[in-house]
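Notes for the one structure printed next.
Chain A is the first sequence line, chain B the second, and so forth, proteins listed ahead of strands; every chain is numbered from 1. Heavy atoms only: backbone and side chains are in, while hydrogens, waters and symmetry mates are out.
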Number of protein chains: 2
Amino acid sequence: MRVVKKAEDRKNEILDAVDELFGQKGFDGTSTNDILEKVGIARGTLYHHFKSKEDIMDALIDRYAVRLIDGAQEVAADKSIPIVERIIRVVMALNLSGGSSEQIMEHIHKPQNALMHQKIQKVIINGVPPILTEIIREGIQQGLFSTPFPYECMEMVVIYASTVFDDDLVVMTEKERSSRIVAFVCNVERLLGAESGSLMDVMGMFGEGDESSRD
Amino acid sequence: MRVVKKAEDRKNEILDAVDELFGQKGFDGTSTNDILEKVGIARGTLYHHFKSKEDIMDALIDRYAVRLIDGAQEVAADKSIPIVERIIRVVMALNLSGGSSEQIMEHIHKPQNALMHQKIQKVIINGVPPILTEIIREGIQQGLFSTPFPYECMEMVVIYASTVFDDDLVVMTEKERSSRIVAFVCNVERLLGAESGSLMDVMGMFGEGDESSRD
DNA sequence: TATTACCGACAGGCAGTCGGTCTATGCAAA
DNA sequence: TTTGCATAGACCGACTGCCTGTCGGTAATA
């Protein structure tokens, strides 16, 4: 029997299915037939709502983008959180465990999904640094940081973190990983002209309170 | 008439054609028929030499990788060049104009070639930092730099430079670009614990001697 | 009645397979 | 040295099955 729904509902239904399928098989590995079967609609319906397969991906990425940036912005706007902690939380919400977007990102970093990954990367690289830069400026006014290039620093931080800690581009043992985190924090301190250890101290709280101590 | 060649020659012939085709139309946009036509061989021949289309891409990337890393290593090994200048030259050989690999990289940074780009990125991110780290250690011994994390610094530098200056992920005006270069150099000075301006001074020579003054 | 969500057969193009053909090379016999 | 022969592997092109996107038509809704 023919089921008719509102266009927006149907679109979201399709995106939900596609979200899961892309996660399992990647973009290229997922055929439109897979999608049709999963959603339970006909070819024509799919192409009534989306003009191409890539168009579906773009819509999916839009959903991600909004969630990601909104999530980051929400954390960033909470001025009750101390500057340093706020920065770390924003970064973590994007890249590392503990963020609400963990599941979202989880299956994007597969070699199959290169194009999708690149598009997400673009969103992050262009969307997150502005948010962080605002916080940094606040920190500069408070005398915590000192840099003539807050934006470029944040760009560097975000690009590095999202590449090394998020992707599989760099293969690391667990040890290499944690030593890289230490180095990263120290490097960020230098970039921001922060007092040595000022970031590291706050980091400690997160590293333990978030992963290890939960076992 | 049937032309028989040595396997290696034929392979390179195919890779040359593919190099050009991928550059023009991207990986997905290039059909195996395009390749067959360009090289002047039959389907069976192509699949006699390569087991799949992706296998062709991997072989092409291997060629790039060897050229890139070898080129970088060659510059890095020339101990007659002052440390700072050598670093800049290595980075430039990879990313910016003036390097011999300019043409190679030129058409990789298109949205179509996401997978290829990701694979090249992997080569760069894992191959270049070790080379640079060696130079940095030399610089530390000479008292030019001071950092407990030379490798991680170089990783950060390489990842940032290859993402921002090489890709189209960040859209910039020419002005934004050059201001980003200034910021980048200053940030690298901080990371390496170099004297302020010590990198910038050497940079100046390149920026002008390489592009502007040639018009 | 008009709009729009929905349908499914169809076309064109694609990557990869497979059985078979041709050619260069090495070796043995003349 | 020349001739005949066998083997390996470079080469061929028809074929298969799948995949994306189209299109004319149908059913539900407002």
Side-chain angles (χ1 to χ4, degrees), chain A residues 1-61 110-116 118-119, chain B residues 1-61 110-116 118-119:
Chain A
M1 217 224 144
R2 176 178 283 206
V3 181
V4 177
K5 301 194 178 180
K6 270 199 292 183
E8 201 192 310
D9 292 344
R10 187 66 92 183
K11 271 194 176 184
N12 273 313
E13 210 178 316
I14 294 169
L15 289 181
D16 288 339
V18 156
D19 190 1
E20 200 179 321
L21 287 169
F22 284 5
Q24 289 164 5
K25 319 197 203 180
F27 176 74
D28 287 335
T30 302
S31 74
T32 48
N33 284 320
D34 293 335
I35 301 170
L36 302 182
E37 198 181 337
K38 177 137 195 156
V39 184
I41 54 174
R43 285 202 85 63
T45 307
L46 187 68
Y47 283 90
H48 174 72
H49 292 288
F50 297 97
K51 76 176 211 289
S52 71
K53 198 180 160 190
E54 183 160 354
D55 189 39
I56 298 175
M57 181 171 68
D58 288 339
L60 189 63
I61 286 171
K110 293 179 182 172
Q112 313 141 351
N113 297 11
L115 181 57
M116 187 144 91
Q118 196 178 78
K119 290 186 174 186
Chain B
M1 217 235 146
R2 176 178 284 206
V3 182
V4 177
K5 301 193 176 180
K6 268 198 294 185
E8 200 192 310
D9 293 344
R10 187 65 92 184
K11 271 194 175 184
N12 273 313
E13 212 179 314
I14 293 169
L15 289 182
D16 289 340
V18 156
D19 190 2
E20 202 179 320
L21 286 170
F22 283 5
Q24 290 164 3
K25 319 196 203 179
F27 176 73
D28 287 335
T30 302
S31 73
T32 48
N33 283 319
D34 292 337
I35 301 170
L36 303 181
E37 197 181 340
K38 177 137 197 157
V39 184
I41 55 174
R43 287 199 84 63
T45 308
L46 187 67
Y47 282 90
H48 174 71
H49 292 288
F50 297 95
K51 79 175 208 290
S52 71
K53 199 181 159 192
E54 184 161 353
D55 190 39
I56 298 175
M57 181 171 66
D58 288 338
L60 189 64
I61 286 171
K110 295 179 181 172
Q112 312 140 352
N113 298 9
L115 181 56
M116 186 143 95
Q118 195 178 78
K119 289 186 174 185

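- Between B/T45 and D/dC12 there is a side-chain polar atom (N or O) within less than 4.0 angstrom of OP1 or OP2.
- Where A/G44 and A/D28 meet DNA chain D, the nucleotide closest to each residue was compared, and A/D28 sits on the side nearer the 5' end.
- OP1 or OP2 of C/dC14 has not a single side-chain nitrogen or oxygen of B/T32 nearer than 4.0 Å.
- Dashed line: the shortest gap from a side-chain N or O of B/Y47 to OP1 or OP2 of C/dG16 is under 4.0 Å.
- Regarding B/L46, its CG atom lies at a distance of 11 Å from the P atom of D/dC11, rounded to whole Å.
- OP1 or OP2 of D/dC11 has at least one side-chain nitrogen or oxygen of B/R10 nearer than 4.0 Å.
- Taking atom CD1 of residue B/I35 and atom P of nucleotide C/dG13, one finds them 18 Å apart after rounding to whole Å.
- We find that NZ of B/K6 is positioned 14 Å from C1' of C/dT25, with the value rounded to whole Å.
- Look at NE2 on B/H48: it is 16 Å from P on D/dG13, rounded to the nearest Å.
- A sub-4.0 Å separation between OP1 or OP2 of C/dC6 and a side-chain N or O of A/H49 is present.
- Dense packing is recorded around NZ of B/K38, with more than 12 heavy atoms of other residues, nucleotides or ligands lying under 6.0 Å away.
- Without hydrogens or angle criteria, B/N12 side chain to B/D9 main chain gives no donor-acceptor distance under 3.5 Å.
- Among D/dG25, D/dC12, C/dC14, the nucleotide with an atom closest to any side-chain atom of B/I41 is D/dC12.
- Residues B/R43 and B/T32 bring a donor and an acceptor atom of their side chains to less than 3.5 Å of each other.
- Nucleotide C/dT17 holds its C1' atom 18 Å from the CZ atom of B/F50, rounded to whole Å.
- In this structure, A/T30 and A/F22 approach most closely via the heavy-atom pair OG1-CD1, 3.5 Å.
- Spacing between atom CG of A/N33 and atom C1' of D/dG17 amounts to 12 Å, rounded to whole angstrom units.
- C/dA5 atom C1' lies 13 Å from atom CD of A/E13, rounded to whole Å.
- Following rounding to the nearest Å, B/K25 (NZ) and C/dC14 (C1') show an atom-to-atom distance of 13 Å.
- Counting all heavy atoms, side chain and backbone alike, A/G26 lies closest to A/N113 at CA-OD1, 2.8 Å.
- With the nearest nucleotide of DNA chain C identified for both B/D34 and B/V4, B/D34 has the one nearer the 5' end.
- Between B/A7 and A/K51, it is B/A7 whose nearest contact on DNA chain D lies nearer the 5' terminus.
- One donor-acceptor pair, N or O on each side, does fall under 3.5 Å between the base of C/dA15 and the side chain of B/R43.
- Picking from D/dC12, D/dG25, D/dG21 the nucleotide with the shortest atom distance to the side chain of B/A42 gives D/dC12.
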